[in-house]
**Student:** 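Quick one: the structure is below, and I'll ask about it shortly.
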Amino acid sequence: MPEVYTAFENEDFFSSGYELQAMNSRGIYSPSSGSQETASVSSVLSSLHDNELNDISVIGNPYITILEQPTEKFRFRYKSEMVGTHGSLVGSNRKNVPTVRLHNFLDPAVIRCSLVTSDEGFPRIPHAHKLIRRDAGQDYDDPHYITVSSETEYTAIFHGMSIIHTAKRHIRDELIKKMRLEALEKKKNTNIKATLNSREEAQIKVDAEHYQKHMNLNSVALCFQAFVTNDCGVMIPITEPIYSHTINNLKSALTGELKICRMDKLTSSVEGGEEIFILVEKVGKKNIRIKLFELNENGCEIWSAYGRFSELDVHHQYAIVFRTPPYKDQDITLPKNVFIQLERPSDGESSDARKFTYKPSDKIIGRKRQRISYSGSSELSYISPNTNSIGNENISELLSNSNSHELSKEIKKLLSEGTTAPVCKDFLNDIDFDNYFKLLLNSEENMLGTDGPSIVQHQDDVMFAKNILTEIMQCMKMDAKNMEEYIQKLLKDRSTYGDSPLHSALRYGQHNIVKYLLMLLCTNKDCKTLINSQNSSGKTPLHYAVLQNQPEITKALLMLGADPNRTDDHGFSPLHVAVKISDASACVDVLLAEKGIDIEAYNDAGWTALHLATKAGSYDAICSLVHAGANVNNTDMSYGRTALHIAVEGGHKKIVEYLLKKTNISVNKRNFSGNTALHTAVVHTGTRAKELCALLIQHGADPHIQNHNRESNDVNKKKESHVNVKVEVHSEDENIEGTIGQSSFDLAMNKPDILQVFNGQFEKTTNKMYSVTTKLELKNEDLQTNWLNNEHKEKLSILLNKTQGWQKLAKHLNIEYLLQTFQHNSISPSLGLLNYIDVEAILSLMDMQTLLREIGEEEAADYINEISSICS
DNA sequence: ATCGAGTTCCC
DNA sequence: CGGGAACTCGA
């Protein structure tokens with residue numbers, strides 16, 4: 001087609017469509033003229049008597065601007081859904097409908113709207129979907145034509161359109177239909193009588209075939225083009241086509257709206273790694289990310305990170321279980337508000353952002369923190385500001401300068417001078433004060449916490465305990481009337497997170513302040529209550545003492561009546577907390593020494609201390625727990641695992657070894673999924689899989705125990721029957737439970753090194769257990785007990801691979817259902833088969849030799865003959 | 001055969 | 001309308 005009309009693609013005109021509309025509102029009328037030639041002439045002429053403002057816009061070729069884009073999201077409907085009304089394609093502003101205007105043209109023309117592919121940068125082709133237009137209860141297929149003229153200000157308004165999702169099976173036909181029409185129209189522009197020749201028809205079919213597979217069915221665009229009809233009734237385009245932006249299918253996981261529906265919790269520790277369950281609208285598991293980000297005051301993103309999860313953590317397109325990433329700043333002392341949103345890599349779409357909060361770590365002091373140098377003075381300067389009510393310079397000085405012995409004497413004196421209420425006399429009598437104070441004073445640290453605040457703005461928080469203590473001292477010195485009451489009030493004061501002074505001092509590692517607070521507390525009538533007070537996350541001072549790995553303080557707290565079994569909001573007792581910290585074994589021991597501690601207690605997730613310790617790999621804690629009498633065969637309530645499962649899962653070889661060697665843990669215990677520790681070891685992805693398997697096998701793990709994992713193929717069907725036969729034979733083998741599932745052995749099928757471990761063990765010990773399982777009688781004792789070693793197996797497998805004899809062998813052994821397994825999974829199919837025969841003790845070497853001869857594998861048979869003669 | 005994802009239909 | 005679920009299809 002000759003390029004008579006060139007595009008007018010000035011960006012300015014595109015973006016200034018609205019201004020143009022205003023300027024042209026008067027409209028231009030010119031008497032109709034027949035041909036295109038005169039059309040452009042008349043447009044030039046008319047520009048002469050148009051006002052100056054319009055000059056720029058009227059000179060040039062006709063073009064179309066889009067006054068109103070269609071919405072970006074629209075639900076594509078199937079034909080069958082088109083009963084009744086479902087709303088039509090509206091404009092991007094949600095009110096109007098798609099609208100375009102023809103410029104630089106003075107005759108009536110028609111504007112066509114059709115549906116095309118949306119891939120920008122690629123040639124637009126007709127889309128397989130339909131764009132229907134409903135008018136007065138009638139539906140019309142695309143394309144749609146609207147006549148424009150000066151009366152309508154050359155504006156075409158496309159009402160009542162909707163997009164019909166062509167069914168997959170009709171895509172090709174629909175494409176062919178549209179592509180034929182397009183090709184025909186093109187040809188007719190030059191020759192009215194033109195038809196498509198068979199070569200063109202064929203080409204269209206080929207193209208349609210191709211597009212059918214690759215067309216994006218969830219995105220379309222509208223195509224607008226203006227035409228005039230010539231004398232022969234042929235549509236002659238007078239503008240280049242212009243395309244709307246993309247319209248995406250609202251119902252698809254690929255382009256649908258991303259939405260966070262619900263979240264399990266909205267907070268995480270700065271350390272990250274916390275598991276969160278999030279319910280979402282339909283997503284594709286391969287095409288979704290969870291982004292956490294922070295904005296500054298100006299709304300600029302200043303931090304972002306992605307939640308950690310795998311495809312397997314996306315449940316049925318509607319839920320995701322992910323772990324939070326660590327926050328950039330581990331040292332925050334106040335909650336940090338950030339945002340969380342879903343992000344779709346394929347098109348960069350994202351959901352609305354939800355608020356999310358990072359909480360400061362409980363172990364703030366556990367880490368090395370950068371110390372900010374305070375100008376000129378000691379930390380003393382931090383004490384004074386908050387003292388408008390009480391002039392306490394003396395006390396401050398006392399606190400900071402006096403050696404601790406002096407001060408403790410001071411306190412002790414105060415305490416013994418009868419300031420204590422009679423109620424606690426009994427309690428005080430019970431306490432071994434000498435020991436207690438020795439414990440507390442057995443420290444050479446300075447009075448003030450060794451750690452200053454890392455960030456100045458949080459000094460109030462950090463100084464909370466110190467300020468309270470200062471006030472108390474002040475109060476004592478002044479011997480005020482309501483002193484006791486006042487002190488009581490001070491001790492009960494709370495700071496951020498509901499911290500009592502004791503919590504706060506512990507949280508910030510101000511160990512000396514802790515000690516002084518404890519001295520004060522021990523004489524207080526509400527001592528027990530105060531000691532056991534819980535902050536807003538339910539933690540007691542004991543939790544923090546343990547988190548800070550302070551065995552002495554832990555002990556002191558216990559002496560003062562701290563309840564070792566009080567749990568935090570997640571059901572964690574101090575023991576639960578302690579065993580998770582690998583170097584806090586001293587605290588574990590202190591706790592375990594406490595009578596009344598419940599070592600089998602479960603946290604809210606259904607884990608005992610032993611499970612938590614195992615998960616964390618805290619070897620010492622495990623030993624302590626076992627010594628303290630923890631039941632090693634106790635299972636967690638969420639997965640039914642013993643510590644052995646958990647240890648294997650975590651690859652903690654040393655712990656596995658300990659459990660197996662030093663405890664009476666049951667090696668073959670199955671978890672809720674029916675898996676034994678050996679199953680877990682076999683599928684272990686780390687480098688230790690083999691060692692772990694060996695260890696378990698050594699301690700009697702049975703690789704034939706099956707889990708509850710029912711596979712879903714023919715292979716398994718057959719295997720079931722196979723297994724059932726086996727079970728019958730070994731009916732004395734207690735409780736294989738007749739279940740249908742995978743054994744450790746099954747799981748190891750494609751792991752030759754692990755099979756070796758299994759084999760090695762059977763060569764030595766298991767012939768008794770798995771003897772005489774086949775119809776074939778075993779004749780040669782030697783060959784029965786000594787099967788092929790690995791080297792022999794490899795050599796033999798080379799022979800059998802060469803001739804494909806392994807397939808025949810498998811068939812004759814009635815295990816052809818495993819052919820595929822061997823074929824696909826083994827490095828060498830024959831080796832897989834041989835290992836299988838070996839482990840399952842299907843037949844003796846002698847029989848093997850016979851069988852090989854029967855099936856014509858002379859070379860292999862000879863080889864066996866050769867090695868067996870060497871052996872004997 | 002079975003499962004998850006995608007498609008189609010129904011209310 | 002939007003939500004939901006039944007159906008279908010490909011791995």
Side-chain angles (χ1 to χ4, degrees), chain A residues 70-91 94-95 97 127-130 132-134 137 139 159-175 209 212-220 247-262 279-288 309-321 342 344-347 349 351-352 673 707-723 739-742 746 816-821 823-825:
Chain A
T71 42
E72 293 179 43
K73 306 253 175 216
F74 185 74
R75 176 162 163 180
F76 299 2
R77 298 227 169 232
Y78 286 86
K79 189 105 196 171
S80 61
E81 290 183 288
M82 288 314 289
V83 288
T85 173
H86 284 299
S88 53
L89 207 53
V90 294
R94 302 219 143 258
K95 299 203 297 272
V97 299
H127 201 285
H129 291 343
K130 290 184 190 176
I132 69 144
R133 194 169 159 216
R134 181 163 290 182
D139 285 354
H159 283 289
M161 296 200 301
S162 45
I163 296 160
I164 308 277
H165 194 300
T166 303
K168 265 250 161 89
R169 55 183 178 277
H170 296 137
I171 298 277
R172 198 183 82 109
D173 292 346
E174 201 63 36
L175 276 174
E209 202 81 46
Q212 162 194 33
K213 278 186 233 135
H214 298 103
M215 182 168 285
N216 179 349
L217 297 177
N218 288 304
S219 303
V220 300
I247 306 169
N248 292 303
N249 186 1
L250 205 50
K251 194 91 195 271
S252 153
L254 252 59
T255 53
E257 205 167 7
L258 291 171
K259 192 176 163 197
I260 296 174
C261 306
R262 204 163 158 174
L279 304 189
V280 299
E281 284 300 341
K282 200 172 208 171
V283 297
K285 65 182 173 190
K286 294 193 172 73
N287 190 21
I288 190 69
F309 62 94
S310 78
E311 268 180 47
L312 297 174
D313 299 316
V314 180
H315 182 80
H316 290 294
Q317 306 184 285
Y318 293 102
I320 305 172
V321 181
L342 299 174
R344 186 165 50 214
S346 67
D347 61 357
E349 278 292 298
S351 71
D352 286 344
S673 318
N707 63 18
H708 306 320
N709 204 359
R710 43 171 80 209
E711 282 171 15
S712 51
N713 49 35
D714 292 331
V715 171
N716 206 56
K717 273 275 183 205
K718 296 246 186 143
K719 190 160 70 189
E720 282 168 27
S721 59
H722 168 74
V723 164
T739 48
I740 308 151
Q742 305 156 301
D746 294 328
E816 65 264 50
Y817 60 89
L818 288 171
L819 280 177
Q820 267 199 326
T821 314
Q823 184 84 64
H824 292 304
N825 293 343

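Below, chains carry the letters A, B, ... as their sequence lines are ordered, and counting in each starts from 1.
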**Student:** What is the distance from CG of Leu250(A) to C1' of dG4(C), rounded to the nearest Å?
**Tutor:** 15 Å
**Student:** Nearest whole Å is fine: how far is dG6(B) P from Tyr318(A) OH?
**Tutor:** 10 Å
**Student:** Checking side-chain contact (heavy atoms from CB on, under 4.5 Å) between Ser219(A) and each of Ile247(A), Asn248(A), Asn249(A), which is the one that passes?
**Tutor:**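 Result: among Ile247(A), Asn248(A), Asn249(A), Asn248(A) is the only option passing the side-chain contact (heavy atoms from CB on, under 4.5 Å) with Ser219(A).
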**Student:** My understanding is that only one of Leu175(A), Thr166(A), Val220(A) makes a side-chain contact (heavy atoms from CB on, under 4.5 Å) with Met215(A); could you say which?
**Tutor:** Leu175(A)
**Student:** Please tabulate, one pair per line, each protein N/O and nucleotide N/O from nucleotides 7-10 of chain B that are separated by under 3.5 Å, including the distance.
**Tutor:**
residue	atom	partner	partner atom	Å
dT7(B)	OP1	Lys168(A)	NZ	2.4
dT8(B)	OP1	Lys168(A)	N	3.2
dT8(B)	OP2	Tyr78(A)	OH	2.8
dC9(B)	OP2	Ser80(A)	OG	2.6
dC9(B)	O5'	Ser80(A)	OG	3.2
dC9(B)	N4	Glu81(A)	OE2	3.3
dC10(B)	N4	Glu81(A)	OE2	3.0

**Student:** Do Val283(A) and Arg344(A) have side chains that get closer than 4.5 Å, going by heavy atoms?
**Tutor:**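 Sidechains of Arg344(A) and Val283(A): no contact.
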**Student:** Counting only heavy atoms not in Gln317(A), do more than 12 fall under 6.0 Å of its CD?
**Tutor:**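 Buried by this count: over 12 neighbours within 6.0 Å.
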**Student:** Let me know the distance between CD of Glu281(A) and P of dG6(B), rounded to the nearest Å.
**Tutor:**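 The answer, rounded to whole Å, is 15 Å.
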**Student:** Just say parallel, tilted or perpendicular for the rings of His129(A) and Phe76(A), cut-offs at 30° and 60°.
**Tutor:**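 Taking Phe76(A) first and then His129(A), their aromatic rings stand perpendicular (interplane angle over 60°).
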